[in-house]
Amino acid sequence: MPSQPDSSVAGAPFTNPPKLHLPASSPLTRPAQPRKNAHVLVACGSFSPVTYLHLRMFEMAVDYTRQNTDFEVVGGYMSPVSDQYKKPGLLSARHRVNMCMLGVNEQTFGWLMVDPWEAFQDYQRTAVVLDHFDYEINTVLGGVHTESGEHRDVRIMLLAGSDLISTMSEPGVWSEADLDHILGKYGTFIIERAGSDMDQWTEALARWRHNIFFVPQLIQNDVSSTKVRLFLRRGLSIRYLLPASVVTYIEEHGLYKDDGVQAQVLLSGADKDAGAGSGKGKEVAAGRSTSPAAV
Ligand SMILES: Nc1ncnc2c1ncn2[C@@H]1O[C@H](COP(=O)(O)OP(=O)(O)OP(=O)(O)O)[C@@H](O)[C@H]1O
Ligand SMILES: NC(=O)c1ccc[n+]([C@@H]2O[C@H](COP(=O)(O)O)[C@@H](O)[C@H]2O)c1
C-alpha cells in the first residue's frame, strides 16, 4: 500500500523535523537478503519541483545493481536541499518537501522515501548529508536485520545525474576532503544525463573509480525542473512530466507563476531551448547568489 505523507511534514511550518523519515512500510524495517550487501541510495538536489526523472533515477540504479552487482538496494531517499542554497528557482523547503512526499506516494512498496532533515537545516554539504544518513541508519537504527536476526551495516551511496558529477572536477565547487569522503567512503551511482560530458570527470575522479557506478539512460529523458518551471511560466502544460498529485499541488498553490529567476532566463534567451537540450546550466549561470563553495 502506498505510504501516506507524514502529517508533521505536510503541515507548516516545519521547525523540528524527525531525524530520519522512516515509514513503517519501508524495506529498511524488513529483513534483508542474507548474502547481499545492503545499500541505501540518497539523491541530493533542489527538487523544485520533483519530476518523473528524479523518481526514475532510483529505478534505473536498482535495475543496474540487479544486473551488474551483488548489492541489494534496501531503500532510497530524496533529500531536498536547504533554502539557504539560494539557487534560482528554489521554492521554499516546505513546498519542495511536500511535492517530493506526494511524488513518492505513487509507488507501491514504500522503499523510496523523502527525508526532510537537510531541507530544514542551514545549508549542509553533501558529505555532511551522507554522514547524517549513515549515522541515522547504521548507528541509530542499527542497520538492517537478516532473517536470522543478525545486524548488517547499510552502505550509503549518493545517487546523482552526470551533470552533478561533472561539477566535481570543477575548481571551487567541492573540496578535496569532501570528495574523498563522498567517493572514497560512500561511493556514487551516476545517471547519464544528456548534455553533460562524461569524459570530463573520469580522469579527475579516477582514484575513486572503484566506487563510481555509471548508469546509462536506456530511454533518454531530459526532463528537468528548470524546463518545468519555464513551461509553467509560459502557461504550457506540465502534465505527464511529473506525478499528477504534484501537478495538482502546483496548481492549487499557484506555484512558479512568477519568479525572478524565470525572468532572468527568459531575458537571457534560454527559454528558446525549453524544449531541447538542458536548460539547467543556463539557469545556474543566470546567477545563483551563493554557491556551495568548497570548504
Ligand atoms: N534529466 C536528468 N537526467 C539525469 N539526472 C537528472 C536529470 N534531472 C535531474 N537529475 C539529477 O537529479 C538530481 C537532483 O537534481 P535537481 O533537483 O537539482 O534537478 P534538476 O532537474 O537538474 O534541477 P534544476 O533544473 O532546477 O537545476 C541531480 O543529481 C541531477 O543531476
Ligand atoms: N560541496 C558540496 O557539498 C556540493 C557542491 C555542489 C552541489 N552540491 C549538492 O548537489 C545538489 C544539487 O545541486 P545543483 O542543483 O546545484 O546541481 C544539492 O543538494 C547541493 O547541495 C553539494
Side-chain angles (χ1 to χ4, degrees), residues 41-61 76-91 93 96 99-100 103 115 118-119 121-132 158-183 186 188-196 198 201 214-231 241-242 256 259 261-262 265 270 273-274 277-286 288 290-295:
L41 308 177
V42 176
C44 294
S46 308
F47 305 109
S48 185
V50 64
T51 70
Y52 270 131
L53 196 283
H54 291 132
L55 301 169
R56 276 289 300 164
M57 284 172 55
F58 288 88
E59 297 291 323
M60 286 185 249
Y77 275 102
M78 283 191 280
S79 182
V81 75
S82 156
D83 289 342
Q84 299 302 317
Y85 194 46
K86 296 194 174 149
K87 181 175 170 174
L90 197 64
L91 209 64
R96 289 181 292 114
M99 289 189 283
C100 288
D115 183 39
E118 180 187 356
Q121 305 288 315
D122 289 338
Y123 177 73
Q124 301 291 334
R125 290 158 14 244
T126 299
V128 175
V129 175
L130 296 183
D131 280 349
H132 154 76
L158 178 67
L159 175 65
S162 54
D163 58 307
L164 190 66
I165 200 153
S166 295
T167 69
M168 290 183 174
S169 52
E170 283 172 16
V173 186
W174 306 77
S175 74
E176 190 68 14
D178 277 10
L179 284 183
D180 195 41
H181 197 68
I182 295 166
L183 302 175
Y186 297 112
T188 182
F189 285 98
I190 298 299
I191 308 292
E192 177 187 12
R193 183 164 195 176
S196 71
M198 296 307 292
W201 59 268
F214 177 66
V215 183
Q217 275 207 54
L218 300 177
I219 298 176
Q220 295 294 328
N221 182 341
D222 194 26
V223 172
S224 74
S225 303
T226 302
K227 289 176 186 172
V228 169
R229 295 194 299 270
L230 282 170
F231 272 39
L241 296 175
L242 47 167
Y256 302 111
D259 75 53
V261 175
Q262 306 294 3
V265 175
D273 300 330
S278 172
K280 182 182 170 70
K282 287 171 187 164
E283 189 181 55
V284 171
R288 183 182 309 170
T290 58
S291 80
V295 278

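Remember, it's a predicted structure, so these values are computed and weren't measured experimentally. One-based numbering, in listed order, for ligands and for the atoms of each.
- In this structure, Thr188 and Ile182 have side chains that are not in contact, with every pair of non-hydrogen atoms separated by 4.5 Å or more.
- Between Asp178 and ligand 2, no pair of N/O atoms sits closer than 3.5 Å.
- Here atom 30 (C) of ligand 1 lies nearest to Arg193 when heavy atoms of Lys87, Arg193, Glu192, Met78 are compared.
- Annotation for ligand 2: atoms under 4.0 Å from non-hydrogen atoms of Val81 are 19 (O), 21 (O).
- Residue-to-ligand polar distances keep Ile191 apart from ligand 1: every N/O pair is separated by 3.5 Å or more.
- Although no hydrogens or angles enter the test, the distance criterion places a donor-acceptor pair under 3.5 Å between the side chain of Gln217 and the main chain of Glu192.
- Geometrically, ligand 2 and Asp163 share no nitrogen or oxygen pair separated by less than 3.5 Å.
- Classification of the Tyr85-Tyr123 ring pair by plane angle, with boundaries at 30° and 60°, yields parallel.
- Put simply, the side chain of Arg96 gets close to the backbone of Leu91: a donor and an acceptor are under 3.5 Å apart.
- Residue contact check: Ser46 has heavy atoms under 4.0 Å from atoms 15 (O) of ligand 2.
- Atoms of ligand 2 lying under 4.0 Å from at least one heavy atom of Arg125, given by number and element, are 3 (O).
- For the pair Lys227 and Leu241, the minimum side-chain heavy-atom distance is 4.5 Å or more.
- If you look at Leu53 next to ligand 1, the close heavy atoms, those under 4.0 Å, all belong to the side chain.
- Using a 4.0 Å cut-off between heavy atoms, Val173 contacts ligand 2 through both its backbone and its side chain.
- Those atoms of ligand 2 that come under 4.0 Å of a heavy atom in Tyr123, given as number and element, are 2 (C), 3 (O), 4 (C), 8 (N), 20 (C), 21 (O), 22 (C).
- Residue-to-ligand polar distances keep Ser162 apart from ligand 1: every N/O pair is separated by 3.5 Å or more.
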### Message
Assess the residue pair Asp131 and Tyr186 against the criterion (side-chain contact (heavy atoms from CB on, under 4.5 Å)); give the C-alpha distance rounded to whole Å, side-chain angles, the decisive distance to 0.1 Å, and a yes or no.
### Response
CA-CA 9 Å; Asp131 280 349; Tyr186 297 112; 2.5 Å; yes
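- Close approach of ligand 1 to Arg229 (heavy-atom distance below 4.0 Å) involves ligand atoms 26 (O).
- Counting only heavy atoms from C-beta outward, the side chains of Asp178 and Thr126 never approach each other to under 4.5 Å.
- Set against the non-hydrogen atoms of Leu164, the atoms of ligand 2 under 4.0 Å away are 10 (O), 12 (C), 13 (O), 17 (O).
- For atom 3 (N) of ligand 1, the nearest non-hydrogen atom from the set Met57, Met60, His54, Gln217 belongs to Gln217.
- Those atoms of ligand 1 with a heavy atom of Ser46 less than 4.0 angstrom away are 16 (P), 17 (O), 18 (O).
- For ligand 1, the polar-atom distance check finds no N/O of Leu159 at less than 3.5 Å from any of the ligand's N/O atoms.
- Checked against a 3.5 angstrom limit, the closest N/O atoms of Lys87 and ligand 2 fall inside it.
- Residue nearest to atom 31 (O) of ligand 1, selected from Asp163, Leu90, Leu164, Val228: Asp163 (by heavy-atom distance).
- Taking the side chain as every heavy atom from C-beta outward, Val173 and Met168 never approach each other to under 4.5 Å.
- Here's the thing with Ala160: none of its N/O atoms is less than 3.5 angstrom from an N/O atom of ligand 1.
- At distances below 3.5 Å, not a single donor-acceptor pair connects side-chain atoms of Thr51 with backbone N or O atoms of Ser225.
- Every N/O-N/O distance between Thr167 and ligand 2 stays at or above 3.5 Å.
- The side-chain heavy atoms of Asp222 and Arg193, taken from C-beta on, include a pair separated by under 4.5 Å.
- For the pair Asp115 (side chain) and Ser79 (backbone), a donor-acceptor distance under 3.5 Å is absent.
- Put simply, the side chain of Trp174 reaches to within 4.5 Å of the side chain of Leu164, judged on heavy atoms.
- When non-hydrogen atoms are compared, ligand 1 lies under 4.0 Å from the backbone of Asn221 (N, CA, C, O) but not from its side chain.
- Judged by distance alone, the side chain of Ser46 and the main-chain N or O of Ser48 form no donor-acceptor pair under 3.5 Å.
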